[in-house]
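Here the structure comes first, spelled out in structure tokens, and everything after it is commentary.
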Amino acid sequence: ICGNGAGYEIQQEAEVGKAELLLPRILLRLSDILRYTTYESSKNYVPLKKEIEFLENYVQLESLRFSQQTQIIFNKEIPEDCNYELSPMLLLPFIENAFKHGDFHSNPSAILEVNIWIEQDTLLFSCTNTFDINNTKTIPGIGIDNTLKRLQITYGDRFRLEKNTEENHYYILLTIPLDFSNYETY
């Protein structure tokens, strides 16, 4: 997704008088999201490709709320023959937080960038967003804390999370091992 991906396309169509195309696409994305959360989220592991598709749908749906100037980027570099699995919905809280704490409504040049790629049997996930450094109204939640607990339970000390704030950009890099063959527990 570059610019606003499908969200951008939907906004363009609505602006040129094709609003009738808007609702079916939104409902389709929402349906896919609900189906995934209902049937996949209770599993211990899901195919990585399904998890990424779920995240793409979520980002595209969320992108509809923002202006065309908002830069929402979703990059993935996953091999076609990828058979890796991941604990479901581990990455979502980071993207949710980017939307929640980002300055998308107040900054016309706001940015959200999500990158997902694999290197040497390891999943790398980065999420960067701009935020308003003067906003003191943000209330911390429990999503990331719960995610860290899940990561610890599932991957022990084999995952790594780096967080960084620089000026008005917040950045995380999560590294998760995907090859369970060397682990004592699975």
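All values derive from a computational prediction rather than experimental measurement. Here, residue 1 is the first one in the sequence, and each next residue gets the next number.
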Query - side-chain contact (heavy atoms from CB on, under 4.5 Å) assessment of Val114 paired with Phe94 - result: CA-CA 10 Å; Val114 175; Phe94 298 105; over 6 Å; no

Query raised in the report: So how far is it from Leu161 CG to Ile144 CD1, rounded to the nearest 0.5 Å?
Result: 8.0 Å

**Report entry** Under 3.5 Å: donor-acceptor pair, side chain of Thr130, backbone of Ile111
**Finding:** yes

Query raised in the report: Shared ILVMFWY cluster between Leu148 and Leu123, side chains joined below 4.5 angstrom?
Result: yes

Report summary line: To the nearest 0.5 Å, atom CZ of Arg158 lies from atom CG of Leu151 at 11.5 Å

Requested in this report: Compare all side-chain heavy atoms of Ile176 with those of Thr154 and state whether any distance is below 4.5 angstrom.
Outcome: no

Query raised in the report: Once the angle between the rings of Phe54 and Tyr36 is folded into 0 to 90°, is it parallel (under 30°), tilted (30 to 60°) or perpendicular (over 60°)?
Result: parallel

Requested in this report: Step by step, work out the side chain to side chain donor-acceptor pair (under 3.5 Å) result for Glu113 and Asn115.
Outcome: CA-CA 7 Å; Glu113 182 174 352; Asn115 295 291; 3.1 Å; yes

Query raised in the report: Should the ring pair Tyr45 and Tyr155 be called parallel, tilted or perpendicular, given that the plane angle runs from 0 to 90° and is split at 30 and 60?
Result: perpendicular

Query raised in the report: Is there a donor-acceptor contact under 3.5 Å from the side chain of Glu51 to the main chain of Met89?
Result: yes

Report summary line: dist Cys127:SG -> Glu96:CD (nearest 0.5 Å) comes out at 11.0 Å

Query - Spatial distance of atom CZ (Phe131) from atom NE2 (His101) [nearest 0.5 Å] - result: 10.5 Å

Query raised in the report: Would a 4.5 Å heavy-atom cut-off, applied to side chains only, mark Pro88 and Arg150 as touching?
Result: yes

**Report entry** Neighbour count >12 (heavy atoms, 6.0 Å) for atom NZ, Lys49
**Finding:** yes

**Report entry** Euclidean distance, Leu30 CG relative to Asn57 CG, rounded to 0.5 Å
**Finding:** 10.0 Å

Query raised in the report: From Ile33 CD1 over to Leu28 CG, what is the distance, rounded to the nearest 0.5 angstrom?
Result: 10.0 Å

Query raised in the report: Can you find a pair of side-chain heavy atoms, one from Asn107 and one from Asp132, that are under 4.5 Å apart?
Result: no

Report task. Run the salt-bridge test on Glu53 and Lys50 with the 4.0 Å N-O cut-off and return the result as yes or no. Result -> no

Query raised in the report: Salt-bridged, Asp32 to Arg29, with N to O below 4.0 Å?
Result: no

Query raised in the report: Under a single-linkage definition using a 4.5 Å side-chain heavy-atom cutoff for Ile, Leu, Val, Met, Phe, Trp and Tyr, are Val59 and Ile172 assigned to the same hydrophobic cluster?
Result: yes

Query raised in the report: If Ile, Leu, Val, Met, Phe, Trp and Tyr residues are connected whenever their side-chain heavy atoms lie under 4.5 Å apart, and connections chain through other members, are Ile72 and Tyr171 in the same group?
Result: no

**Report entry** Residue pair Asn75 / Trp117, side-chain heavy-atom distance below 4.5 Å
**Finding:** no

Requested in this report: Decide side-chain contact (heavy atoms from CB on, under 4.5 Å) for Leu55 and Leu92; before the verdict, give the C-alpha distance in whole Å, the side-chain angles of both, and the deciding distance to 0.1 Å.
Outcome: CA-CA 7 Å; Leu55 294 172; Leu92 180 64; 4.1 Å; yes

Query - Min side-chain heavy-atom separation Cys82-Ile118 under 4.5 Å - result: yes

Report task. Could you please spell out the steps behind the side-chain contact (heavy atoms from CB on, under 4.5 Å) verdict for Phe104 and Arg65? Result -> CA-CA 9 Å; Phe104 304 106; Arg65 300 185 309 128; over 6 Å; no

Query raised in the report: Are any side-chain N or O atoms of Thr37 and backbone N or O atoms of Leu34, one a donor and one an acceptor, separated by less than 3.5 Å?
Result: yes

Report task. Would you kindly confirm whether Leu112 and Leu124 end up in one hydrophobic cluster when ILVMFWY residues are joined by side chain heavy atoms under 4.5 Å apart? Result -> no

Requested in this report: Test Tyr58 against Leu91 for side-chain contact (heavy atoms from CB on, under 4.5 Å), laying out the working first.
Outcome: CA-CA 11 Å; Tyr58 179 80; Leu91 307 177; over 6 Å; no

Report task. Find out if a path of hydrophobic residues (ILVMFWY) with successive side-chain heavy-atom gaps under 4.5 Å connects Ile95 to Tyr170. Result -> yes

**Report entry** Pairing residues for Tyr84 by the side-chain hydrogen bond (donor to acceptor under 3.5 Å, both in side chains) criterion, not counting sequence neighbours
**Finding:** Asp121

